[in-house]
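So you know, we letter chains A, B, ... as the sequences are listed, proteins then strands, and number each from 1.
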2 protein chains.
Amino acid sequence: MAKKRPSSKHKILAAAVELAHDSGPGSLSLEAVAKRAGISKGGLLYHFPSKAKLMQGLVEAYLKDFEAALDAATNPAKGKGEDLMSAYVRLSLIACDETHPPAAWIFSAMAEDPDFLNPLNEFRRRLLDRLKAHTPDLANVLTVFFVIEGLHSMKLFGANLVSDDERKLIDQNLLAMAQGRKPVIR
Amino acid sequence: MAKKRPSSKHKILAAAVELAHDSGPGSLSLEAVAKRAGISKGGLLYHFPSKAKLMQGLVEAYLKDFEAALDAATNPAKGKGEDLMSAYVRLSLIACDETHPPAAWIFSAMAEDPDFLNPLNEFRRRLLDRLKAHTPDLANVLTVFFVIEGLHSMKLFGANLVSDDERKLIDQNLLAMAQGRKPVIR
DNA sequence: TTGACAATACCGTCCAGACGGTACAGTAAA
DNA sequence: TTTACTGTACCGTCTGGACGGTATTGTCAA
């Protein structure tokens, strides 16, 4: 709340995400981000007074987006009221598909200071706890969760290890497991 | 082969791995690595004439270790002649347990240049191909593979998301699936 | 209505420090 | 004599960040 002028901050964060993705995580300098965002370095430092704050901003924006999507999907007042597990799987798979660029900035943050990613880890922990609470089959939850983590990891490292058909099979299986159905054997 | 004097190179690589782990991936400078290895910067540059070569060395050593372990486990002439899938799962789980430090240097390499990790991705691709060729159930192979990738990822990012019991359950399930048995539901 | 002031949103410059890498002279063992 | 270093000095580049300045847009008392 209380955000009247998101325009510049958003532009900066978007620029950082793009830059990390297509120039490599190593080229995420303040000057380069500023240039990409179309402002000066001084201007960037006005909005994010240190590089650490920029990194925090990236993590927060990333988290906020996913949380908002999850909330929108599962909150009955806002839409379909999908169950948590299905929404989590569906949204995660969307984030892992070919149309979405990987979050390469994560490597920049990690190289800068691993602690920057603590909020991300804590979020994942809370999410896994919620998933466990929502379904009786622990092994099922863990399998689904870690397969998705694996897909994320593959995406992040830019490794395309599966064909389209294999990916479809994985997706179908995960969605089936999320709904408590039998996995597809093919 | 043709390696008569592994001592210094090994010391340097080990120092880099340790340093990335306990001072963070961002502090992997040549000077720092040399100091940790107990040699001078000039001495380091004698063995690895550039930082890029050091990174390549890290990737190669990492790969060589895992390949050697896999080979030793599956080659009947050398030992038990374990089947590929079981050996892969078992060794991967060992690499992911609490006693082994995460390969934090991967983030340094990624920040430097994502291409450094190409050999790693190619190795994974070949491994997955071999696993697919060895078992009839594609969905099973993919599930096992990506759960392990997910565990690796969690380890890498230093997120401890599961309890000891949960981890045991995952391990049992993976080993069971590797042997074509039914997964444990608990 | 106007003049004084202040907050916002930047720009452009400068600097100290870190880093990768080079050069080179010396050394000690095999 | 070659191999395998050590140690020091140095260079060019990049980077985070501090800082001073500026244009624009309110705000508000006289």
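With rounding to whole Å, B:Ile12 atom CD1 is found 10 Å from D:dC5 atom C1'. If you take NZ of A:Lys53 and C1' of D:dA18, they are 17 Å apart, rounded to a whole angstrom. Note: NZ (B:Lys51) to C1' (D:dT13) measures 14 Å, nearest angstrom. Atom pair A:Glu31:CD and D:dT13:C1' shows a separation of 12 Å (rounding to whole Å applied). The distance from atom CG of A:Leu54 to atom P of D:dT15 is 14 Å, rounded to the nearest whole Å.
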Side chains of residues 65-73 of chain B: which donor-acceptor partners sit under 3.5 Å, not counting sequence neighbours?
residue, atom, partner, partner atom, Å
B:Asp71, OD2, B:Lys78, NZ, 2.9

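In this structure, the side-chain contact (heavy atoms from CB on, under 4.5 Å) partners of B:Ala95, at least two apart in sequence or on a different chain, are B:His152. For the side-chain contact (heavy atoms from CB on, under 4.5 Å) test, residues two or more places apart in sequence or in another chain that qualify with B:Pro119 are B:Val59, B:Leu63. Residues forming a side chain to side chain donor-acceptor pair (under 3.5 Å) with B:Asp171 (at least two apart in sequence, or on another chain): B:Arg167.
Pairs engaging residues 97-124 of chain A under the salt bridge (charged side-chain N to carboxylate O under 4.0 Å, His left out) rule: A:Lys51-A:Glu112, A:Arg124-A:Glu149 [sequence neighbours left out]. Within the structure, every pair that satisfies the salt bridge (charged side-chain N to carboxylate O under 4.0 Å, His left out) test and touches residues 18-28 of chain B, not counting sequence neighbours, is listed here: B:Glu18-B:Arg36, B:Asp22-B:Arg36. Judged as a side-chain hydrogen bond (donor to acceptor under 3.5 Å, both in side chains), the pairs with a partner in residues 83-95 of chain B (not counting sequence neighbours) are, in order, B:Glu82-B:Arg90, B:Asp83-B:Ser86.
Within residues 39-48 of chain A, the residues approached by DNA chain C to less than 4.0 Å at the level of any non-hydrogen atom are A:Ile39, A:Ser40, A:Gly42, A:Gly43, A:Tyr46, A:His47, in residue-number order. If you check residues 14-30 of chain A against DNA chain C, you find no residue with a heavy atom closer than 4.0 Å.
The residues A:Asp129 and A:Arg126 are annotated as not salt-bridged, no charged nitrogen and carboxylate oxygen being separated by less than 4.0 angstrom.
For D:dA4, the OP1/OP2 oxygens have no side-chain nitrogen or oxygen of B:Ser8 closer than 4.0 Å.
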